[in-house]
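Every chain is numbered from 1 and lettered A, B, ... according to where its sequence line falls, protein lines coming before strand lines. No hydrogens, no waters, no symmetry mates; every other heavy atom, side chains included, goes into these values.
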Number of protein chains: 2
Amino acid sequence: MFGHIDYRNPPELCPVRDVMSVASDQWSILILLWLGYFSVLRFNKLKKYVYGISNKVLSQRLKVLEADGYIERKAYPEVPIRVEYNLTEFGRLYVDKLLDLAEWMHDNSPKVMANRKRYGLE
Amino acid sequence: MFGHIDYRNPPELCPVRDVMSVASDQWSILILLWLGYFSVLRFNKLKKYVYGISNKVLSQRLKVLEADGYIERKAYPEVPIRVEYNLTEFGRLYVDKLLDLAEWMHDNSPKVMANRKRYGLE
DNA sequence: CCGCATCCCTTGGGATACTG
DNA sequence: CAGTATCCCAAGGGATGCGG
């Protein structure tokens, strides 16, 4: 344990592992970052920005992120229907952390790449 | 793009996505956190703490983390062989960020869980 | 003890077509 | 337009046994 967190448990018994598995999922991170950048995005815009994501995965991730309280979904009953996604206040807090992390990775990716090369992988 | 990072690219063209895919992998995170906590760990200890990980995945993640420069592997040619893993200086920097994130998730997991319940999932 | 090699299996996820 | 439903595939990952 680190202070009070015990990762030495399966996800069912460790909320942190559980929460983390959603929040640090690759696709979810990208979704959150783009929502942070644009504030509001519709399904197909999101799909365009989160390059390579499929319909299925996008809608699945959006549902989970909504359930966990990171994002908000608003549907306007027009024809054709219009749906908008945006961060909640909670989600915004998390995105700030993600941005910090992303910035760090950007700054250090050259180092990582150099390491890989030297190591012989890739 | 956020400043200068363009996530709107496949991982091959976006180093950040690439680096992130290693660094924010679920198993890798747990490995790094435990190494941060104990400073030095041997293979089987690691396997014990990173609950649920298999031989195969553990050794694969260790190799990648080493290649990317987060950890260091030292093999002592005894019989039977002894191998120790520890963070590099670079890895330590990253773990500090992870710890911050983990702390945040710990603090907020009740909120997330409550959200989920209210949402009806799970 | 470390960790590779094997085998097998599950399941995440891609592509596409379709509907409210 | 926003998603669901379907089908299908590749690959990640678990368990185990062996070898250095």
Note to self: Whether A/Asn44 contacts D/dA2 is assessed here as follows: a side-chain N or O lying under 4.0 Å from the phosphate OP1 or OP2. Is that the case?
What the structure shows: yes
Margin query: Using 30° and 60° as the class boundaries, would you call the ring planes of B/Trp34 and B/Phe38 parallel, tilted or perpendicular?
Written below: parallel
Notebook entry, point to check: Taking it one step at a time, do B/Leu98 and B/Ile29 satisfy side-chain contact (heavy atoms from CB on, under 4.5 Å)?
Noted result: CA-CA 7 Å; B/Leu98 284 183; B/Ile29 289 177; 4.2 Å; yes
Notebook entry, point to check: Separation of A/Gln26 atom CD from C/dG12 atom C1', in whole Å?
Noted result: 14 Å
Margin query: Base contacts versus sugar-phosphate-only contacts with protein, heavy atoms under 4.0 Å: please encode nucleotides 13-20 of chain C as B, S and - from 5' to 3'.
Written below: BB--B--B
Check: Given the rule in the side-chain contact (heavy atoms from CB on, under 4.5 Å) test, do A/Asn55 and A/Phe43 qualify, once you have shown the distances and angles that lead to the verdict?
Finding: CA-CA 9 Å; A/Asn55 255 4; A/Phe43 189 89; 3.5 Å; yes
Next item on the list: Describe the nucleic acid contact of A/Tyr85 in one word from base, sugar-phosphate, nothing, applying a heavy-atom distance below 4.0 Å.
Entry: sugar-phosphate
Checklist line | Which nucleotide in D/dT4, C/dC1, D/dA2 has an atom nearest any side-chain atom of A/Ser59 | finding: D/dT4
Notebook entry, point to check: Do B/Leu101 and A/Met20 touch side chain to side chain, with heavy atoms closer than 4.5 Å?
Noted result: no
Next item on the list: Please state how far atom CG in A/Leu46 lies from atom C1' in D/dC1, giving the value in whole angstrom units.
Entry: 14 Å
Item checked: Euclidean distance, atom CG of residue B/Leu58 to atom C1' of D/dG13 [Å, nearest integer] -> 13 Å
Next item on the list: Grab the NZ-C1' distance between B/Lys63 and D/dG12 for me, whole Å please.
Entry: 15 Å
Next item on the list: Report the distance from atom CZ of B/Arg17 to atom CG of A/Leu33, rounding to the nearest 0.5 Å.
Entry: 10.5 Å
Next item on the list: Measure up the A/Trp104 and B/Phe90 rings against each other and bin them: parallel (under 30°), tilted (30 to 60°), perpendicular (over 60°).
Entry: parallel
Next item on the list: Check whether any side-chain nitrogen or oxygen of A/Arg82 sits under 4.0 Å from OP1 or OP2 of D/dA2, and answer yes or no.
Entry: no
Notebook entry, point to check: Would you say a side-chain N or O of A/Arg42 is under 4.0 Å from OP1 or OP2 of D/dC1?
Noted result: no
